[in-house]
**Student:** 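Structure provided below as structure tokens; questions to follow.
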2 protein chains.
Amino acid sequence: MNEIEVFKDHLRAAGLKDTVQRKVVLNTFLNTEKHVSVDDLYRLVNRAKRHVGYATVHRTMKLIAESGLAREVMFNDGVVRFDHCYGREHKHHHHLVCTQCKKVIEFSSQALDREEQRILSKHGFESVSHRYEIFGLCRECRQKANRK
Amino acid sequence: MNEIEVFKDHLRAAGLKDTVQRKVVLNTFLNTEKHVSVDDLYRLVNRAKRHVGYATVHRTMKLIAESGLAREVMFNDGVVRFDHCYGREHKHHHHLVCTQCKKVIEFSSQALDREEQRILSKHGFESVSHRYEIFGLCRECRQKANRK
DNA sequence: CCGATATTGAAAACGAATTTCAATATCTTT
DNA sequence: AAAGATATTGAAATTCGTTTTCAATATCGG
Ligand SMILES: [Mn+2]
Ligand SMILES: [Mn+2]
Ligand SMILES: [Zn+2]
Ligand SMILES: [Zn+2]
């Protein structure tokens, strides 16, 4: 089942309607690999397509997240962003966030996952979601800093 | 050097003044082990002591964080909280957050720290801060849920 | 095509964080 | 101890991303 089908199923299951605006927002989201905010997406949508209101972009992103195609992430700027989380090409991962150039590097680690399991069972805790974010300087920004 | 000295040094180094309000806010923070928000602290301060304004509590907490006695943490409710991070009794840790009863369990793991180091050097990334938070159900809330 | 129902989007409301500014406290210097 | 320079205080206003409101409009099953 592809992303568009997943979304349509979610709409149908909730008795919601399949509108032009929702299609446009979904396609715009699927066409970027960035960690986009509602505002980013609002601009992207209205750059290329017919006008869609900010509130609609916001509401559609919430629906996309509910449908399982995206999850909300928040780095250190107080803005919610949406991260793809459907399909093989978007497997589970965490982030290295460069505070200088704002680049976001994704990483994943089986050793980490195993250690998390150990911690969870030690505390009898059941995980629903988690986030692991490391803030600092990326290789390029470190080099620039050193050259000074 | 104890916490109060660390804070006074920070004030002196920045040419700031040592006021009654700042002393009251710092002492109130030092007397709780909770992950307090500005609002929590504002209530605590004004329950026990003479009146201190919300803005002053906020500004003082920023100073306390700058001085290295606290760090800002944010769980999933859009409110900044302050976590102790000074002294042996407050070593580096991460959080398990129960979405049901709001309990916060702290954990730390050397295996995790080692794996983080490996990831950092793999990407040439220099860490300045990081956070690892797992959201879900604590042991007690799982048991309550199962009994139904 | 016709309802019944959901959606849209501009504008307003929200809420935590942050700033403003005039009155006041602190601290250094006589 | 008093004065002068500078920082602080706190009530209120402002900011800013998020979320809601509501009247006009679109969707969709029959
Ligand atoms: Mn990502
Ligand atoms: Mn903690
Ligand atoms: Zn960088
Ligand atoms: Zn619980």
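Below, all heavy atoms of this structure are taken into account, side chains as well, without hydrogens, waters or symmetry copies. As the structure is a prediction and not an experimental result, all values here were calculated from the model.
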**Student:** For the pair made of CG in B/L11 and P in D/dT6, what is the distance, rounded to whole Å?
**Tutor:**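 Atom CG in B/L11 sits about 19 Å away from atom P in D/dT6.
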**Student:** State the OG-NZ distance between A/S67 and A/K8, to the nearest 0.5 angstrom.
**Tutor:**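 Between A/S67 OG and A/K8 NZ, I get 13.5 Å after rounding to 0.5 Å.
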**Student:** Measure the shortest side-chain to side-chain distance between A/D40 and A/R81 over non-hydrogen atoms and say whether it is less than 4.5 angstrom.
**Tutor:** yes
**Student:** Please tabulate the protein-to-nucleotide N/O contacts below 3.5 Å involving nucleotides 27-30 of chain C, giving atom names and distances.
**Tutor:**
from, atom 1, to, atom 2, distance (Å)
C/dC27, OP1, B/D18, N, 3.1

**Student:** Return the angle between end axes of the helix from C/dC1-D/dG30 to C/dT30-D/dA1, with five pairs used per end and rounding to 10°.
**Tutor:**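 Result, rounded to 10 degrees: 30°.
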**Student:** Side chains of B/T28 and B/N31: is there a donor and an acceptor less than 3.5 Å apart?
**Tutor:** no
**Student:** Rounded to the nearest 0.5 Å, what separation is found between the CG atom of B/L26 and the CE atom of B/M61?
**Tutor:**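 Reported to 0.5 Å precision, the distance equals 8.5 Å.
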**Student:** Could you give the CZ-to-C1' distance, from B/R22 to D/dT8, as a whole number of Å?
**Tutor:**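 These atoms are roughly 6 Å apart.
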**Student:** Can any side-chain N or O of B/T99 pair as donor or acceptor with the backbone N or O of B/G136 at less than 3.5 Å?
**Tutor:**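 Side chain of B/T99 to backbone of B/G136: a pair is present.
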**Student:** Does one side chain, of B/H90 or B/E106, offer a donor that lies under 3.5 Å from an acceptor on the other?
**Tutor:** no
**Student:** Is there a donor in the side chain of B/Q21 and an acceptor in the side chain of B/T56, or the other way round, less than 3.5 Å apart?
**Tutor:** no
**Student:** If you take any heavy atom closer than 4.0 Å to DNA chain C, which residues from residues 26-61 of chain B end up in contact?
**Tutor:**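 Output list: B/Y54, B/A55, B/H58, B/R59.
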**Student:** Rounded to the nearest 0.5 Å, what separation is found between the CG atom of B/D83 and the CG atom of B/L69?
**Tutor:** 12.5 Å
**Student:** State the OG-CZ distance between A/S109 and A/R114, to the nearest 0.5 angstrom.
**Tutor:** 7.5 Å
**Student:** Using a cutoff of under 3.5 Å, can you pull out all pairs of nitrogen or oxygen atoms linking the protein to nucleotides 13-15 of chain C, with atom names and distances?
**Tutor:**
none

**Student:** Dump the intermediate steps for ring pair (Phe, Tyr, Trp, His ring centres under 6.0 Å) on A/Y42 and A/H58, then the final yes or no.
**Tutor:** CA-CA 8 Å; A/Y42 173 71; A/H58 168 260; over 10 Å; no
**Student:** Relative to the ring of B/F7, is the ring of B/H10 parallel (under 30°), tilted (30 to 60°) or perpendicular (over 60°)?
**Tutor:**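 Ring orientation, 0 to 90° scale: parallel.
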**Student:** Between A/K62 and D/dT19, is there a contact of a side-chain N or O with OP1 or OP2 at under 4.0 Å?
**Tutor:**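 Yes, A/K62 has a side-chain N/O under 4.0 Å of OP1/OP2 on D/dT19.
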**Student:** Does any non-hydrogen side-chain atom of A/M1 lie less than 4.5 Å from one of A/Y86?
**Tutor:**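 They are in contact (side-chain heavy atoms under 4.5 Å apart), so the answer is yes.
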**Student:** Looking at DNA chain D, which of residues 66-85 of chain B put a heavy atom within less than 4.0 Å of it?
**Tutor:**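 The stretch gives none, as no residue of it lies under 4.0 Å from the strand.
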**Student:** Are B/Q21 and D/dT8 close enough that a side-chain N or O sits under 4.0 Å from OP1 or OP2?
**Tutor:** no
**Student:** Who else is in the cluster with B/F125 when I, L, V, M, F, W and Y are joined by side-chain contacts under 4.5 Å?
**Tutor:** A/L96, A/I105, A/F107, A/L112, A/I119, A/L120, A/F125, A/Y132, A/I134, B/L96, B/I105, B/F107, B/L112, B/I119, B/L120, B/Y132, B/I134
**Student:** Roughly how far apart are B/H130 NE2 and A/H94 NE2, rounded to 0.5 Å?
**Tutor:**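 One finds 13.5 Å between NE2 of B/H130 and NE2 of A/H94.
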**Student:** OG/A/S37 to CE/A/M74 distance, rounded to the nearest 0.5 angstrom?
**Tutor:**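 A/S37 OG to A/M74 CE: 12.5 Å, rounded to 0.5 Å.
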